[in-house]
Amino acid sequence: MMKIDPIIAVQDVEASSKWYQSLLGCKSAHGGKEFDMLVDESGEVLFCLHKWGIDEHPAMVDSSITPGNGLILYFRTEALDQKRKNAEILGAKIEAELHLNPNSHNREFSLRDPDGYYITLTEYHNYGG
């Protein structure tokens, strides 16, 4: 078995954790000022938050770089409309309003988190092939 646990560098781990918990309805499984793990309702790790400049990880040393260059945090959810409402409550910067994606044929919207990471939330779907 293999699983990926993405880690993103953020300025304020605690604030970002609260923001993502409010947006996604996830929970903190670690907590702290330097690192947090965000998990879904079953306890599966969605992704982790890591403070810039701690532990000297090569991709997380320089907080002056543009966060997320080449990265989309892409979440599939069964509660898309609720997540859009959560984004509105948070005052999130919406990049693309709720629409039908002509490629996936699923509804989605995109926004930026407080650190500038690009996030797309889409209707839950299984990948076909």
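Note that the structure is a prediction, hence the values are computed from the model and not measured.
The cluster map of Ile, Leu, Val, Met, Phe, Trp and Tyr, joined by side-chain heavy atoms under 4.5 Å apart, puts Leu111 and Tyr74 in different clusters. Met37 is not connected to Ile7 by any chain of hydrophobic side-chain contacts under 4.5 Å among Ile, Leu, Val, Met, Phe, Trp and Tyr, and they are in different clusters. Tracing side-chain contacts under 4.5 Å through hydrophobic residues (I, L, V, M, F, W, Y), one never reaches Phe75 starting from Val45; they form parts of separate clusters. Cluster membership check: Leu121 does not share its hydrophobic cluster with Tyr118, using side-chain heavy-atom separations under 4.5 Å among Ile, Leu, Val, Met, Phe, Trp and Tyr. With hydrophobic clusters built from ILVMFWY side chains whose heavy atoms lie under 4.5 angstrom apart, Phe109 shares a cluster with Leu90.
Residues Lys51 and Lys33 have side chains not in contact (no heavy-atom distance under 4.5 Å, counting atoms from C-beta outward). A 4.5 Å side-chain heavy-atom check between Leu49 and Tyr20 finds at least one atom pair inside the cut-off. Within the 4.5 Å cutoff, the side chain of Glu108 has no heavy atoms near those of the Glu123 side chain. Using a 4.5 Å cut-off on side-chain heavy atoms (C-beta onward), Leu71 and Ile8 make contact.
Judged by distance alone, with hydrogens and angles left aside, the side-chain atoms of Ser28 form a donor-acceptor pair with the main-chain N or O of Gly31 at under 3.5 Å. Using modelled atom types, no side-chain atom of Asp55 and backbone atom of His57 make a donor-acceptor pair closer than 3.5 Å.
Applying the 6.0 Å contact sphere to CG of Asn69 captures no more than 12 heavy atoms from other residues, nucleotides or ligands.
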> Can you check side-chain contact (heavy atoms from CB on, under 4.5 Å) on Gln82 and Lys85, steps first, answer last?
Replying inline: CA-CA 5 Å; Gln82 183 59 55; Lys85 288 177 188 171; 4.1 Å; yes
> Are Ile119 and Leu73 close enough, and set up right, to give a side-chain contact (heavy atoms from CB on, under 4.5 Å), and what steps lead you there?
Replying inline: CA-CA 5 Å; Ile119 302 165; Leu73 295 172; 4.2 Å; yes
> Can Glu95 and Lys93 be said to form a side-chain contact (heavy atoms from CB on, under 4.5 Å), step by step?
Replying inline: CA-CA 6 Å; Glu95 293 284 335; Lys93 180 180 177 189; 3.3 Å; yes
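Between Glu78 and Tyr124, the shortest heavy-atom contact is CG-CB, 3.7 Å. When all heavy atoms of Gly68 and Tyr117 are compared, the pair lying nearest together is N-CE2, 3.3 Å. Scanning both residues, Val13 and Gly32, for their nearest heavy atoms gives CG1-O, 3.3 Å. Across every non-hydrogen atom of Arg107 and Leu98, the tightest pair is NH1-CD2, 3.5 Å. Residue His50 comes nearest to Ile54 through the heavy atom pair CE1-O, 3.1 Å, listed as atom of the first residue, atom of the second, then distance. The shortest heavy-atom contact between Met60 and Trp52 is O-CE3, 3.3 Å.
For the residue pair Ser17 / Asp36, a side-chain donor-acceptor distance below 3.5 Å is found, with atom types taken as modelled. Between the side chains of Ser16 and Asp115, at least one donor N or O lies within less than 3.5 Å of an accepting N or O.
Atoms CG and NZ, on Asp12 and Lys18 in that order, are 8.5 Å from each other to the nearest 0.5 Å. Taken to the nearest 0.5 Å, the CZ atom of Arg76 stands 6.5 Å off from the CG atom of Asn126. With rounding to the nearest 0.5 angstrom, the NZ atom of Lys27 is 9.5 Å from the CG atom of Asp40.
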